[in-house]
A.B. asks: 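My questions all concern the structure below.
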Protein chains: 2
Amino acid sequence: MAEKINIQDIARLANVSTGTVSRALNNKPDVNPETRERILRIVEEQGYVPSSTAIGLVSGRSRLISVLVPALTWPLVSELMLKVAEIVEASSYEIVLYSISSSNHLRDCGKVIDRILATRMTAGLLAIFPGQSAQHLTQLQRHSFPVVLVDDQNPPIEGIPWIGADNRGGAYEATRYLIGLGHQRIACIQGPMKYKVSNDRYQGYKDALQEAGIPLDPALVLEGDFMPVGGNKCARTLLTLPKAERPTAIFAQSDLMAYGVMSAASEFGLSIPKDISLVGFDDNPSSAHMQPALTTIQQPFGAMGQQAIELLLQLIEQPRLYYQGPYENKRQILSEHAPRIQLPTSLMIRDTCRKLPKRVSHTSYRHKQAMSG
Amino acid sequence: MAEKINIQDIARLANVSTGTVSRALNNKPDVNPETRERILRIVEEQGYVPSSTAIGLVSGRSRLISVLVPALTWPLVSELMLKVAEIVEASSYEIVLYSISSSNHLRDCGKVIDRILATRMTAGLLAIFPGQSAQHLTQLQRHSFPVVLVDDQNPPIEGIPWIGADNRGGAYEATRYLIGLGHQRIACIQGPMKYKVSNDRYQGYKDALQEAGIPLDPALVLEGDFMPVGGNKCARTLLTLPKAERPTAIFAQSDLMAYGVMSAASEFGLSIPKDISLVGFDDNPSSAHMQPALTTIQQPFGAMGQQAIELLLQLIEQPRLYYQGPYENKRQILSEHAPRIQLPTSLMIRDTCRKLPKRVSHTSYRHKQAMSG
DNA sequence: CTGTTAGCGCATTCAG
DNA sequence: CTGAATGCGCTAACAG
């Protein structure tokens, strides 16, 4: 059935030339409706599918899209890819996956990008959280190879469309939520400050503090590593502080670090949220199943994936023109400037935060503890 | 630099024919070493990369490999894919990703497989945990299209190479570990029994019980859904049992269900591992960060991915011949039968299991509890 | 050793 | 409206 059958076979079976078959298949207007129907019927019968390789060769265009992903073990990327895959499969394109794993670092990534560019096997590139490899992307841009970047580590690159989460807004919301609960001494466990994302979240944290008129205490701002161990280490430092200086709430810039905070708390015999309130960032799938379930900021990964791939597809078909606004409504003003799209996060309220009594003083805290004990 | 430059340009620049250039590029023996070097130099200078599309067309072979993945949100798949991607990138092949997400169920998956087969755009298919879609795979097999299946839900399919984890052995090890700790009343929270994996793990559980001469108590064997909610529900049933009938340990057939058990325990005011010991299965990345860290059976996803993709690559290049034994050592006897490779799991001992005192009786248990309370 | 030629499967002219 | 011819970039077979 699926034995190598080509356009000539169809042409023979339909008593027409290959040209006509080709026209019929590509919905060209100038073809006899009767003939077209007959051809399509035979195509259906024979289960004929045009060779995408040949089409690629003759048309010079590819139906393949490169997607560059970081270590897939990061659960967040999965969510994003899910949406990307869904949309690509609904189109006539396919995804070619390139992963920058632990072994092939910066240098190898450059090679991958060179190959993408040189072979032109794919029609465009979606780079997802490429980390340091982002710098190689300008090279593609120079050759007017369509690229869309989903990132949070690097400052935006001139000329490259960029999709990201509103990290500053998310951090602001997290901190404001804690303030609304009555917390005044709120610690911030940061990611590595060399990353843009860490700075953005720090800004959001400061925004909320400033808005509430709470002075920023540098002793409560610690730099972690986005990983559980770093979160744990920072939390230990915070919990070692004298009671009066100790934070009543912690904003961890990643869920993984929040996990570390939770383990540190239990090591100190402290209970969350009774003794310490905690908010994370990311909303990893497992965060909802922690004990207690982690209150956190959810990143809009699905939406980011969707925006990114839709933008890329549009870029491939309409080079150098960017639609502003939602993709569905294409009658938007076109722009020649690479868009920067920032998607809103959302606060997931769960069980790691506790409302503080009106007046928070050392004595009233101990009093309450004694009553419950 | 990377402007469309082809083999003719190189031929012109090197003052040779395209045939010679092609020969030089493909390391054919019959080409003047001097000429070859000159050509290679020019190729390097010009940054020429042969069009894989054209090569694909003329050679009839593809350098693309289809990889069919289930909902990527499942963290386990990421680990597997990581290894697959690493190996593919080291080869001359690329990965084309197809995902069977929530939206496109069984029917759409059939379409995907039809397309893979019809276009022959890719040279082979690696199907990872395809679930119910596995049945479509026989179609590929019939057309002698190389397929390798990584699965645990379905019984093996005749003629299709199969890679899986030793689920029975893993469950046996988990249960034996609990028995070794002195537990006698060990519950088993199963996955859906329509899946092979659930039956395999149940067998392993029974094996260990039988070996230790412990009678199987049907009241302690409950069917879950592999998800946290199911684990929680089953655990509630178990914890509602009268003290004497209540299990002292629970073997959950998935980590996610183990999370559900943990939350159920805390709802019942029970502490893990003090009151109940718990072992999971899978070793999700987050399991090590649970409070307490979950003792579980680790699935060899990396190894599974590696075996699977190496087998597929070999199948593509040596159709209908399967190497038996490790890939590295290729001088193995070849077989015409599709191999079934089962990879060993490993027990990750962490903090959710407790050694029971020598004699386990209702009274001594309460005595100990009273002493610690 | 090397140049020439004939396709791979298709879309796209250019004539009818 | 349609058939025939050209060529996409490359490899392979065949002559030199």
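Per chain, numbering begins at 1; letters A, B, ... match sequence-line order.
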A.B. asks: Any side-chain N or O of B:Ser22 under 4.0 Å from OP1/OP2 of D:dA12?
C.D. replies: no
A.B. asks: Classify the nucleic acid contact of B:Thr53 as base, sugar-phosphate or nothing, counting any heavy atom under 4.0 Å across all strands shown.
C.D. replies: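 Answer is nothing: B:Thr53 stays at 4.0 Å or more from every strand.
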A.B. asks: Calculate the interatomic distance between B:Asn26 atom CG and D:dA12 atom P; express it in whole Å.
C.D. replies: 7 Å
A.B. asks: Could you check whether A:Ser51 gets within reach of a base, just the sugar-phosphate, or nothing at all, counting any heavy atom under 4.0 Å?
C.D. replies: sugar-phosphate
A.B. asks: Would you call B:Ile157 and B:Gln135 a side-chain contact if the rule is heavy atoms closer than 4.5 Å?
C.D. replies: no
A.B. asks: For B:Asp30, which contact category applies under a 4.0 Å heavy-atom criterion: base, sugar-phosphate, or nothing?
C.D. replies: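 Contact class for B:Asp30: base.
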A.B. asks: Name the nucleic acid region contacted by B:Gly60, choosing base, sugar-phosphate or nothing; use a 4.0 angstrom heavy-atom cut-off, strictly under.
C.D. replies: nothing
A.B. asks: What is the nucleic acid contact for A:Val16, judged by heavy atoms within less than 4.0 Å: base, sugar-phosphate only, or nothing?
C.D. replies: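 Counting heavy atoms under 4.0 Å across all strands, the contact made by A:Val16 is with sugar-phosphate only.
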A.B. asks: Distance check: side-chain N/O of B:Asn6 vs OP1/OP2 of D:dC8, anything under 4.0 Å?
C.D. replies: no
A.B. asks: Let me know the distance between CZ of A:Arg61 and P of C:dG9, rounded to the nearest Å.
C.D. replies: 21 Å
A.B. asks: B:Val58 near the nucleic acid: base, sugar-phosphate alone, or nothing, with a heavy-atom cut-off under 4.0 Å?
C.D. replies: base
A.B. asks: Contact between A:Gln46 and A:Asp9 at the side-chain level, heavy atoms closer than 4.5 Å - yes or no?
C.D. replies: no
A.B. asks: Using a cut-off of 4.0 Å on non-hydrogen atoms, how would the nucleic acid contact of A:Leu57 be classed: base, sugar-phosphate, or nothing?
C.D. replies: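 Counting heavy atoms under 4.0 Å across all strands, the contact made by A:Leu57 includes a base.
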A.B. asks: Using heavy atoms to find the nearest nucleotide of DNA chain D for A:Thr18 and A:Pro33 separately, return the residue whose nucleotide is more 5′.
C.D. replies: A:Pro33
